[in-house]
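Data first, discussion second: the structure below is written as structure tokens.
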2 protein chains.
Amino acid sequence: MKFEAITIKDIARALDLSVSTVSKALRDSHEIGEETKQAVLIYAREHNYKPNPIAQSLKKGHSRSIGVIVCNIDNNFFSQVINGIESIAQSKGYNVIITQSRESYEKEVSNSEHLSSRSVDGLIISLSSETKNIDHLKRLYEKGLPIVFFDRITDEIPTHRIIANNFKGAYEATRHLIQQGYRKIAHITSSDSLSTTSERLAGYKQALIDAGISIDERYIKFCLHGGMIREETHEALAELLQLPERPDAIFTASDRLSTTTLSQLRIMQIPIPRDIALVGFTNSISADIFNPSLTSVVQPAMEMGQQATEMLVSLIESRRPVTQFEKRVLETQLQIRDSSQARQSPSP
Amino acid sequence: MKFEAITIKDIARALDLSVSTVSKALRDSHEIGEETKQAVLIYAREHNYKPNPIAQSLKKGHSRSIGVIVCNIDNNFFSQVINGIESIAQSKGYNVIITQSRESYEKEVSNSEHLSSRSVDGLIISLSSETKNIDHLKRLYEKGLPIVFFDRITDEIPTHRIIANNFKGAYEATRHLIQQGYRKIAHITSSDSLSTTSERLAGYKQALIDAGISIDERYIKFCLHGGMIREETHEALAELLQLPERPDAIFTASDRLSTTTLSQLRIMQIPIPRDIALVGFTNSISADIFNPSLTSVVQPAMEMGQQATEMLVSLIESRRPVTQFEKRVLETQLQIRDSSQARQSPSP
DNA sequence: AGGCGTCTCGCAATCGTTTTCGTAAAAAAA
DNA sequence: TTTTTTTACGAAAACGATTGCGAGACGCCT
């Protein structure tokens, strides 16, 4: 199967001009006479000429495309971020290549290399939960590939970063549970290598401390795969429930973790929030129709994607090496629903 | 910022060879002596040489990438399909470029043209709900671009297609509602230009006919934007509720439509299924934790993506023009949950 | 020694576009 | 008229990789 389009050469032949003349006419160069220019333009329009972006990329050394690596698009937070990325990229004439690491370090490495060799002009990435070593990204960075981190970021590479205010989001979520009368608040979170995990964990702890509640490490459960493996969350939850001082509330730190925990609690027929209250860190668009509707810390995902893309494009299009890097922090929003209704019976 | 990688030219210079020799050595040509070959291979490995895919695309006329157009990745069905596409594409050495039409005809046109001009080797597409005219795809098809349709397909282009058994899925969903004791079953569906809409509508009607229930056209509501615009669904629902013979059950025909309808019913404080039962055509991974848990027709989305990709790759890699085209139909699965519990009070 | 084949390798064209530079012819200045 | 400037275009070299073809070098046979 062959896909053949009209090229500059065809126009040149048809109009008895040279390719260089046609190229310049198309780009509206001052070197070309008005008559010739018009002739070329008209011919091009009539024959629906489209410059070959592959050839342009080769010549110009960039592809006007940006690569995106997220752990999973099957997740409201990331798909909303991607929507934001796409909207800005489109408006700036970039095209977006989306890949998924599926929380695997290896896939993240191979994806990043694949993208760079496909000569994307820049990379927007949220680290996988398995990733501890970022040499693969350092290599690309040192070769000059502009990178912007979002959500799960690293401090090891000096570049733009954008995150939600994870500390404050987690702090407010926890404080909310406390205000609702809960005291034994557990925290189910992702891999401890993630920046989001430590920030949210810190916010959770601070809220407890500020309320004079001591921190019980047994109440903190890490799920290395961030809820991608259901059994992992299941186990963490089971351990929590078997504790002598069973928690009366759980604060889950990620999208998938929240839905999985809710689902599991319902399977175990544990009434929410009567036996255990729940607050999630989730952008699920269906949190309002969950049973019970889920109180959630919502991130400005779309905006995060938009701003990440703007920062990346400014990096790509900057004429001189950028040395001043920014770390933007976007505010989260606590949406209060039924899963964190005030505690009924007083604490024993 | 400049991104510089090692090229064949660099290797040639370093080893005092010609570029053609290096190129042939890299491709393990028989024309090149064993010694030279090894020298090149070793040097290439040590310096982490990666052929420039842009240059290869230009030269070879293909890019080993496939384009995907869906209306929205922020949707469990499509993101699952994409997961399927990605898994097969990856294993066959193709890379995937995902774009969203966001149910807009114009975006679908511009995306398809952009993808083809970026010389993807093939296209996997599910039509947008606005799309009535597919000349833009016919143009690409006639130029020789392999295309595979999934989910929302068309008969106007002779090529491979893959869908769920929409008729049967809708039939079973409706029959289930009937068996549960409902008689006044409404249907909220997407744009009537979509193949999925007419197939599911037909299944719905057939189930009613087979049960001896007459079809009331007032019970059938089309949402042109497939639930993307909340007000649209809201209005459809409101009209349904104001009917003299208010329906006692609703069968929604798409992912977003189902969640929006459920959400809206809850806002209106209409008990489900007591006042109105609900069955959705949805792949939501959270249907089990909805309130009430949502009975759903689930499509084998991942498998659909995988098979679509296999069909596309076979089209791309076929040496001779393909003339025999296939229309695969995958079976759906009815997951029964609380939203369709048997009717309590007898029909008036 | 001459003829022939084999083995290695380089030359040059090619993909489609951009860009630098050179150069006719026309126009303006002398 | 001669010289200079401007205008309008073409030739050619890139970008990085691939590939058909030609050509030395060597060995083998007659």
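Remember, predicted model here, so these are calculated numbers, not experimental data.
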Reading nucleotides 4-11 of chain D from the 5' end, what letters show protein touch, with B for base, S for backbone sugar-phosphate only, - for no heavy atom under 4.0 Å? ----BBBB
Let me know the distance between [atom1] of [X] and [atom2] of [N], rounded to the nearest Å.
X       : N      : atom1 : atom2 : result
B/Ile54 : C/dC15 : CD1   : C1'   : 13 Å
B/Leu58 : D/dA14 : CG    : P     : 17 Å
B/Lys9  : D/dT18 : NZ    : C1'   : 14 Å

Would you list the protein and nucleotides 24-27 of chain D atom pairs, both N or O, that sit under 3.5 Å from each other?
none

Under 4.0 Å between a side-chain N or O of [X] and OP1 or OP2 of [N]?
X       : N      : value
A/Ser23 : C/dT18 : yes
B/Arg27 : D/dA17 : no
A/Gln56 : C/dG16 : no
A/Tyr49 : C/dT17 : yes

Between the base of C/dT18 and the side chain of A/Lys60, is there a donor-acceptor distance below 3.5 Å?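 For A/Lys60, whose side chain was compared with the base of C/dT18, there is no donor-acceptor pair (under 3.5 Å).
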Should the pair A/Phe325 and A/His160 be assigned to parallel (<30°), tilted (30 to 60°) or perpendicular (>60°) ring geometry?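 Perpendicular, since the angle between the ring planes exceeds 60°.
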How far apart are the closest heavy atoms of A/Thr159 and A/Arg161, and which atoms are they? O-NE, 3.4 Å
For side chain to side chain donor-acceptor pair (under 3.5 Å), just list the numbers for A/Glu108 and A/His136, CA-CA rounded to whole Å, side-chain angles, deciding distance to a tenth of an Å, and then say yes or no. CA-CA 9 Å; A/Glu108 183 179 301; A/His136 56 298; 2.9 Å; yes
Side chains of residues 88-104 of chain A: which donor-acceptor partners sit under 3.5 Å, not counting sequence neighbours?
unit_1   : atom_1 : unit_2   : atom_2 : d
A/Ser91  : OG     : A/Ile88  : O      : 2.8
A/Tyr94  : OH     : A/Glu317 : OE2    : 2.9
A/Thr99  : OG1    : A/Val68  : O      : 3.0
A/Gln100 : OE1    : A/Ile73  : N      : 2.9
A/Gln100 : NE2    : B/Asn83  : OD1    : 2.6
A/Gln100 : NE2    : B/Glu86  : OE1    : 3.4
A/Ser101 : OG     : A/Glu103 : N      : 3.4
A/Arg102 : NH2    : B/Asn83  : OD1    : 3.2
A/Glu103 : OE1    : A/Ser129 : N      : 2.8
A/Glu103 : OE1    : A/Ser129 : OG     : 3.0
A/Glu103 : OE1    : A/Arg152 : NH1    : 3.0
A/Glu103 : OE2    : A/Arg152 : NH2    : 3.1
A/Ser104 : OG     : A/Glu106 : N      : 3.3
A/Ser104 : OG     : A/Lys107 : N      : 3.0

Among B/Val313, B/Ile316, B/Ile66, B/Leu312, which one satisfies side-chain contact (heavy atoms from CB on, under 4.5 Å) with B/Val148?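 When side-chain contact (heavy atoms from CB on, under 4.5 Å) is applied between B/Val148 and each of B/Val313, B/Ile316, B/Ile66, B/Leu312, only B/Leu312 qualifies.
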